[in-house]
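A quick write-up on the structure given underneath.
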Amino acid sequence: MDFRLDEEQQALRESVRDFAREVVAPVIGEHYENHTFPYEVVRQMGKMGLFGLPFPEEHGGMGGDYFALCLALEELARVDSSVAITLEAAVSLGAMPIHRFGTAEQKERWLPKLLSGEALAGFGLTEPGTGSDAGGTQTRAVLDGDEWVINGSKAFITNSGTDITALVTVTAVTGTKPDGSKELSTIIVPSGTPGFTVAPGYSKVGWNASDTHELTFDDCRVPAGNLLGERGRGFAQFLRILDEGRIAIAALAVGLAQGCVDESIAYAKERQAFGQPIGNYQAIQFKIADMELKAHTARLAYYDAAARMLAGEPFKRQAAIAKLHASTVAVDNAREATQIHGGYGFMNEYPVARFWRDSKILEIGEGTSEVQRMIIARDLGM
Ligand SMILES: Cc1cc2nc3c(=O)[nH]c(=O)nc-3n(C[C@H](O)[C@H](O)[C@H](O)COP(=O)(O)OP(=O)(O)OC[C@H]3O[C@@H](n4cnc5c(N)ncnc54)[C@H](O)[C@@H]3O)c2cc1C
């Protein structure tokens, strides 16, 4: 077992690290304060090929794998999580369902622009009345001639309302199965379709430079051919997408946790108290050592889950463990990094304040910590 990165992976990590420090860091504070979407940064990420990382070259991808995406997410989140979640949601929730389940025609139509970063796609699963219990979906789609007619609403959908959002994949009830349970299917709804309304962006605690909206569908009609994959496979599809997505969110959380270590070391070496740098005090050194320990073990957890996934082995439990552990660690490290920064840690101009505000959602999005524990326990036969 060897978790050292090969030359290509190291080169990718270095180039995203440089990009995050040189391009993202100087501008992200202002976007965060003003709640604006960083179009220019996203455009440059597109040029670097980040949106196409885990996809085959056939549709404009970079021919890499899911682990490459995770490495990029970790390095971006080490500097900023809004940019990282924009990439995570665009790739693992936006383009991936079309790549995995789409017809040749759907792939041809949508993937080239999604993989170049020219366009973004949202993943519409969560609803105002149901999140963890996704089987409780209320949005309905009825086939009327050669069109689906969609009615319902979706909550908290990332990348769903930017100027470059091309579509949202929507999970909807399309019938009843012979055993009486709901038949769930996924349907592609292009932006601008009549009856599809995007509400103004939410006022959020964190991820302020990322794009999140509530969506409503009011007799929204799309062609029957917009069904993604087989009718009735919606449940299996989103479970697969979320299992993978948990590894990506774990990588993002590790990045935030490592960013807290970076900022804390720099600050502790510089800040003076009682005649010397606070980094000379063992109490501060131990905090930083514990933060590094947590970031490192969380990284190993997501490397392991990704390795299993890429080997075609079962990885559900390991992905849940990685997501649960990394998000806990991110929250812990953000709290400690803020503490090390004292009063300045509570000021928005310091990156650790952003890290603190951005960390909490990691214990909630793409399956809460309770849901991860349910998955782990179920996989252990309980
Ligand atoms: C900024 C942001 C971006 C998001 N982006 C997207 C997106 O792009 N697409 C998308 O579809 N969704 C998105 N989400 C939604 C997110 O995935 C959900 O918020 C999350 O899954 C939790 O669902 P919920 O908010 O409905 O909470 P609920 O499911 O209502 O849970 C409330 C609480 O109850 C607990 N709970 C629920 N059931 C159980 C149980 N059986 N046992 C023990 N505890 C339980 C939960 O763990 C939680 O603590 C986003 C959310 C946010 C905030």
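Just so you know, ligand 1 is whichever comes first in the structure, and atom 1 is the first atom listed for that ligand. Position 1 is the first residue of the sequence, and the numbers go up from there.
For the side chain to side chain contact (heavy atoms under 4.5 Å, CB included) criterion with Ser185, the lone passing option out of Arg231, Glu230, Arg233 is Arg231. Among Lys323, Gln318, Lys316, Arg317, the one residue that satisfies the side-chain hydrogen bond (donor to acceptor under 3.5 Å, both in side chains) test with Asp243 is Lys316.
Under a 4.0 Å criterion applied to the non-hydrogen atoms of Glu370, ligand 1 contributes the atoms 44 (N), 46 (C), 47 (O), 49 (O). Residue contact check: Leu125 has heavy atoms under 4.0 Å from atoms 11 (O) of ligand 1. Listed by atom number, the atoms of ligand 1 under 4.0 Å from Glu366 heavy atoms are 17 (O). Heavy-atom proximity to Ile364, at under 4.0 Å, picks out these atoms of ligand 1: 20 (C), 21 (O). Contact atoms of ligand 1 toward Ile157: 7 (C), 8 (O), 9 (N), 10 (C), 11 (O) (distance under 4.0 Å to a heavy atom of the residue).
Residue-environment remark: OH (Tyr344) stays at or below the threshold of 12 foreign heavy atoms within 6.0 Å. More than 12 heavy atoms of other shown residues, nucleotides or ligands fall within 6.0 angstrom of atom CD in Glu313. For Met382, the CE atom sits in a loose shell: 12 or fewer heavy atoms of surrounding residues, nucleotides or ligands are nearer than 6.0 Å.
Heavy atoms of Met374 found under 4.0 angstrom from ligand 1 belong exclusively to the side chain. At a heavy-atom cutoff of 4.0 Å, ligand 1 is contacted by the side chain of Ile361 but not by its backbone. With a 4.0 Å heavy-atom cut-off, ligand 1 is reached by no atom of Tyr202.
The option from Val170, Val205, Thr368, Leu215 that lies nearest to atom 47 (O) of ligand 1, judged by heavy atoms, is Thr368. With atom 3 (C) of ligand 1 as the reference point, the heavy atom nearest to it among Thr158, Val168, Leu242, Ile241 is part of Thr158. Comparing Phe156, Phe123, Trp207 by heavy-atom distance to atom 25 (O) of ligand 1, the nearest is Phe156.
Between the side chains of Thr130 and Gln138, no donor-acceptor pair is found at a separation under 3.5 Å.
Protein heavy atom at the shortest distance from atom 15 (C) of ligand 1 is Thr126 OG1, 3.2 Å. From the protein, the heavy atom lying nearest to atom 28 (P) of ligand 1 is Ser132 OG, 3.6 Å. Atom 24 (P) of ligand 1 has Gly131 CA, 3.9 Å as its closest protein atom, hydrogens excluded (heavy atom only).
Protein heavy atoms are absent from the 4.0 Å sphere centred on atom 30 (O) of ligand 1. Atom 36 (N) of ligand 1 is never approached by the protein to below 4.0 angstrom, counting heavy atoms only. At a distance under 4.0 Å, a protein heavy atom can be found next to atom 20 (C) of ligand 1.
Remark: ligand 1 and Thr130 share no N or O pair separated by less than 3.5 Å (distance only, no angle test).
Between Lys154 and Thr171 there is a side-chain heavy-atom pair separated by less than 4.5 Å. A 4.5 Å side-chain heavy-atom check between Ile150 and Phe196 finds every atom pair outside the cut-off.
Here the closest heavy-atom approach between residue Asn333 and residue Val261 is recorded as ND2-CG2, 4.2 Å. Closest approach of Leu215 to Ser160, counting heavy atoms only: CD2-OG, 3.6 Å.
Contact check on Glu58 versus Lys107 returns no salt bridge, with no Lys/Arg side-chain nitrogen under 4.0 Å from an Asp/Glu carboxylate oxygen.
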